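Note sheet for the following structure.
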Amino acid sequence: MQIKHVLVLTIGMLTSALAFASEVDFALLDINSDGLISMSEAKQVPQVAEAFRRLDKNRDGALSAKEFSHF
């Protein structure tokens, strides 16, 4: 029974850590803290800059947190 509890807690912690890591990445790229990632901010990470056009679904020239979550 204790092993099940440890396993459930471990999975929960890992899931939380992954969700937190996604938010931190977005926040780190959003240099001016406007809630959006511009192309100039995206250039900090070449992979994000390369995927920028594909991720920018509404074609407003910026990535929202929702758009960025598909990265």
Side-chain angles (χ1 to χ4, degrees):
M1 191 70 150
Q2 285 183 334
I3 292 175
K4 281 185 182 179
H5 290 280
V6 170
L7 182 61
V8 168
L9 288 173
T10 301
I11 290 171
M13 289 171 52
L14 289 172
T15 303
S16 296
L18 289 173
F20 180 73
S22 295
E23 288 182 35
V24 170
D25 291 342
F26 182 86
L28 288 174
L29 289 174
D30 183 16
I31 295 170
N32 63 0
S33 300
D34 66 351
L36 299 169
I37 297 173
S38 65
M39 176 55 101
S40 62
E41 291 170 322
K43 288 180 180 178
Q44 298 176 85
V45 179
Q47 296 89 341
V48 175
E50 289 173 16
F52 192 91
R53 288 182 135 176
R54 178 179 54 83
L55 295 171
D56 185 15
K57 297 293 185 190
N58 64 358
R59 302 292 184 238
D60 66 350
L63 300 179
S64 66
K66 183 177 179 180
E67 290 171 323
F68 183 76
S69 71
H70 297 285
F71 181 71

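The structure displayed is predicted, hence computed values, not measured ones.
Listed for the Asp30 side chain is a donor-acceptor partner under 3.5 Å among the backbone atoms of Asp34.
The neighbour count for Arg59 CZ, taken as heavy atoms of other residues, nucleotides or ligands under 6.0 Å away, is above 12.
By the rule that hydrophobic residues join a cluster once side-chain heavy atoms approach within less than 4.5 Å of another member, Phe26 and Ile31 end up as members of separate clusters.
Taking the side-chain contact (heavy atoms from CB on, under 4.5 Å) definition, one finds that Ser64 meets it with Leu36, Lys66, Glu67, sequence neighbours left out. For the ring pair (Phe, Tyr, Trp, His ring centres under 6.0 Å) test, residues two or more places apart in sequence or in another chain that qualify with Phe71 are Phe68.
Rounded to the nearest 0.5 Å, atoms CG (Asn32) and CD1 (Ile37) are 10.0 Å apart. With rounding to the nearest 0.5 angstrom, the CG atom of Leu63 is 5.5 Å from the CG atom of Leu55.
Among pairs with a residue in residues 41-51, those fulfilling side-chain hydrogen bond (donor to acceptor under 3.5 Å, both in side chains) read Ser38-Glu41, at least two apart in sequence or across chains.
When all heavy atoms of Val48 and Ala42 are compared, the closest pair comes out as CG1-CB, 3.7 Å.
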